[in-house]
2 protein chains.
Amino acid sequence: MLSLTTSKAGHPMTYHHGNLRIALLDRAAEVIAESGIEALSLRALARDIGVSHAAPSRHFKDKADLLAALAAEGQRRMIDALNEAAEAAGDDPVARYNALGRECIRFSLMNRAYALAFENPEVQRHSDKALLEARAAYNRTVRQAAEAAQQAGWHPGVDVDVLQLFSTAAATGAASMLIHDEQYQGMPLEEAERLAAQIINLVIPPSSNALRSNRK
Amino acid sequence: MLSLTTSKAGHPMTYHHGNLRIALLDRAAEVIAESGIEALSLRALARDIGVSHAAPSRHFKDKADLLAALAAEGQRRMIDALNEAAEAAGDDPVARYNALGRECIRFSLMNRAYALAFENPEVQRHSDKALLEARAAYNRTVRQAAEAAQQAGWHPGVDVDVLQLFSTAAATGAASMLIHDEQYQGMPLEEAERLAAQIINLVIPPSSNALRSNRK
DNA sequence: CCTAAATGTTGTCACTGACAACTTCGAAAG
DNA sequence: CTTTCGAAGTTGTCAGTGACAACATTTAGG
């Protein structure tokens, strides 16, 4: 009898799933996006995929380990998305950092499971190597872009550590509010992107030209 | 035999705790501050307080209900703290809103359990009446202060909804990062308060005078 | 004084995460 | 091709949990 859960198309179910780690991560992302992290259960994931309740432990040390792996994957994908957004914004470091901030929010809205994993306290204090590396890479990306924006005239004289903390806080805080706050539920992505742009424009203007012409 | 858990000083343990709801909330705050929300267990709280495992259900519908009650209590206390900070800042609406932002971060750092409850997804989607009212009161407080600051010259021409979202995102995002990010663990409160001031000063200057003299 | 509600209790169930021991498969080495 | 070992499954068990039911005690109100 063919099984829908087998990883080998057209083959009878075998003892070895063949791709269980990936399947667990994909299914976990679905469950989190639909029902939140609190609804995540290793046993339920195993049932959904059609393996025994102890099979996940061959791939993840524990539940927090799976969440950390999911967050690491999300962090890597977000770095790629941020770099693409910066590239698309051209050469102006101010425009690039503005694009980075907007993409941070947009990525979180489009990848709800990753966003929820990022802000989960157990994930945040996890010492998983891949996650720590992904987070460090993310911090380097943001830091380099913040330094370039400052060199181009954004908040000269302010400690770049503070600028990085300020801009990251605003972007991730906005993403979190758009995800959780009831008043934004169901908001179309385009409208949320416009709102994200308005917020990020208060953090850093959309271009160096806009920066020079700003008067408060 | 006297029991340390009895609510009536000097009285033998009675069947009725007398103050169980408050005791559960207080102990929950301790556990959350020490070990995080994931470590919270109704049964463990009951054991700690010396009542049976089902006693909490007489005061809280379920675990999420207890968390929501804790968050509502924290929200009310935060509103009081924000109002006190604004009063202490004087009459300048820009200075008052700046003080509000700083106090939001300071309060979260000093009340870790409340801060963790605020950002917990189950709490955020909870429909507990007291929590919704507290949250609405908080939003009114922030909204009125944002409108006054705008009237005094802060970001004229920007939708005040966007200003409120921007400033709330920056303050709560910074609080969350200071709480969770490993590099800020163990930072003395005074140093964290200075950092909070630097961040909030990027959101809104410390006074209307500073607003007028800003050039970017 | 009586009654009903509040607030406890004991008990049970299903589910969970974690761990142990065993089984099957696959890859690598000879 | 065979053997061996590790990977990756399995079944089973335990302790703890949340939730619910039914019972017991206390308190407040009529």
Side-chain angles (χ1 to χ4, degrees), chain A residues 3-8 11-28 31-32 35-70 117 120-123 125-126 128, chain B residues 3-8 11-28 31-32 35-70 117 120-123 125-126 128:
Chain A
S3 166
L4 294 177
T5 58
T6 188
S7 63
K8 300 180 181 66
H11 281 60
M13 177 125 165
T14 66
Y15 200 83
H16 273 220
H17 182 279
N19 208 28
L20 184 56
R21 181 187 165 87
I22 300 298
L24 287 165
L25 287 168
D26 288 349
R27 183 61 192 144
V31 169
I32 292 170
S35 315
I37 282 189
E38 318 74 42
L40 193 70
S41 150
L42 291 176
R43 285 197 181 221
L45 294 182
R47 273 198 304 276
D48 292 346
I49 292 165
V51 293
S52 68
H53 60 270
S57 69
R58 291 299 179 188
H59 300 275
F60 301 102
K61 177 172 164 293
D62 53 23
K63 187 174 168 182
D65 198 34
L66 182 147
L67 270 178
L70 186 69
N120 180 261
E122 275 193 303
V123 167
R125 62 176 174 264
H126 207 280
D128 175 72
Chain B
S3 165
L4 294 177
T5 58
T6 187
S7 63
K8 299 180 181 68
H11 280 59
M13 179 127 166
T14 65
Y15 196 86
H16 272 220
H17 182 279
N19 208 29
L20 184 56
R21 182 189 162 84
I22 300 300
L24 286 165
L25 288 167
D26 287 350
R27 182 63 191 144
V31 169
I32 292 169
S35 314
I37 283 192
E38 317 74 45
L40 192 69
S41 150
L42 292 177
R43 285 196 180 220
L45 294 183
R47 273 198 305 276
D48 293 346
I49 291 163
V51 293
S52 68
H53 60 269
S57 69
R58 292 301 180 186
H59 300 275
F60 302 102
K61 177 170 164 293
D62 53 23
K63 187 174 168 183
D65 197 34
L66 183 148
L67 271 177
L70 187 68
N120 180 261
E122 274 191 304
V123 168
R125 65 177 172 261
H126 207 279
D128 174 73

Inset, instruction - Under 4.0 Å from any atom of DNA chain C, heavy atoms only: list the residues of residues 20-27 of chain A that qualify, in numerical order. - result: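 DNA chain C contact set from residues 20-27 of chain A: none.
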
Legend entry - Contacting residues from residues 55-66 of chain B, given that a heavy atom lies under 4.0 angstrom of DNA chain C: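 Under 4.0 Å from DNA chain C: B:A55, B:R58, B:H59.
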
Once you round it to whole Å, what is the distance between [atom2] of [N] and [atom1] of [X]?
{"X": "A:I49", "N": "D:dG9", "atom1": "CD1", "atom2": "P", "answer": "10 Å"}
{"X": "B:D48", "N": "D:dT17", "atom1": "CG", "atom2": "P", "answer": "10 Å"}
{"X": "A:L42", "N": "C:dG17", "atom1": "CG", "atom2": "P", "answer": "5 Å"}
{"X": "A:E38", "N": "C:dG17", "atom1": "CD", "atom2": "P", "answer": "14 Å"}

Inset, instruction - Could I get the full list of salt bridge (Lys or Arg N to Asp or Glu O under 4.0 Å) partners for B:R27, not counting sequence neighbours? - result: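 B:R27: salt bridge (Lys or Arg N to Asp or Glu O under 4.0 Å) contacts with B:E30, B:D48.
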
Legend entry - Nearest atoms (heavy-atom pairs only) where A:L25 meets A:A69: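 Minimum heavy-atom contact is CD2-CB, 4.1 Å.
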
Legend entry - Closest approach of B:A39 to B:S35 (non-hydrogen atoms, all atoms of both residues):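 Closest heavy-atom pair between B:A39 and B:S35: CB-CB, 3.5 Å.
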
Inset, instruction - Please identify each residue that fulfils side-chain contact (heavy atoms from CB on, under 4.5 Å) with A:H126, with sequence neighbours left out. - result: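 A:H126 satisfies side-chain contact (heavy atoms from CB on, under 4.5 Å) with A:A64, A:D65, A:A68, A:D128, A:L131 only.
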
Inset, instruction - Name all residues meeting the side-chain contact (heavy atoms from CB on, under 4.5 Å) criterion together with B:R58; count only those two or more places apart in sequence or in a different chain, and write none if there are none. - result: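 Checked B:R58 against side-chain contact (heavy atoms from CB on, under 4.5 Å); zero matches.
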
Legend entry - Side-chain ion pair, B:E38 and A:R125, N-O less than 4.0 Å: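 Yes, charged N to carboxylate O under 4.0 Å.
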
Legend entry - Interatomic distance, B:S52 atom OG to B:R47 atom CZ [nearest 0.5 angstrom]: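 Result: 12.0 Å between the selected atoms.
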
Legend entry - Spacing of CD1 belonging to B:I37 relative to CG belonging to B:L70, to within rounding of 0.5 Å: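 Result: 8.0 Å between the selected atoms.
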
Inset, instruction - Decide yes or no for B:D62 and B:L42: does some side-chain heavy atom of the first lie under 4.5 Å from some side-chain heavy atom of the second? - result: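 No. Closest side-chain heavy atoms not under 4.5 Å.
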
Legend entry - Note, B:L24 side chain near B:V51 side chain (heavy atom, < 4.5 Å):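 The answer is no; the side chains never approach within 4.5 Å.
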
Inset, instruction - Could you say whether A:A44 or B:S52 is positioned toward the 5' end of DNA chain C, judged by the nucleotide with the nearest heavy atom to each? - result: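 Nearer the 5' end of the strand: B:S52.
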
Please write out the pairs of protein N or O atoms and N or O atoms of nucleotides 12-15 of chain C separated by less than 3.5 Å, giving the distance to one decimal.
{"residue": "C:dT12", "atom": "O4", "partner": "B:R43", "partner atom": "NH2", "Å": "3.4"}

Legend entry - Donor-acceptor pair (no angle test) under 3.5 Å: A:Y15 side chain, C:dT23 base: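 Under the 3.5 Å cut-off, the side chain and the base do form a donor-acceptor pair.
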
Legend entry - Exam field: side chain B:H16 to backbone B:G18, donor-acceptor pair closer than 3.5 Å: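 The answer is no, because no donor-acceptor pair under 3.5 Å joins these two groups.
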
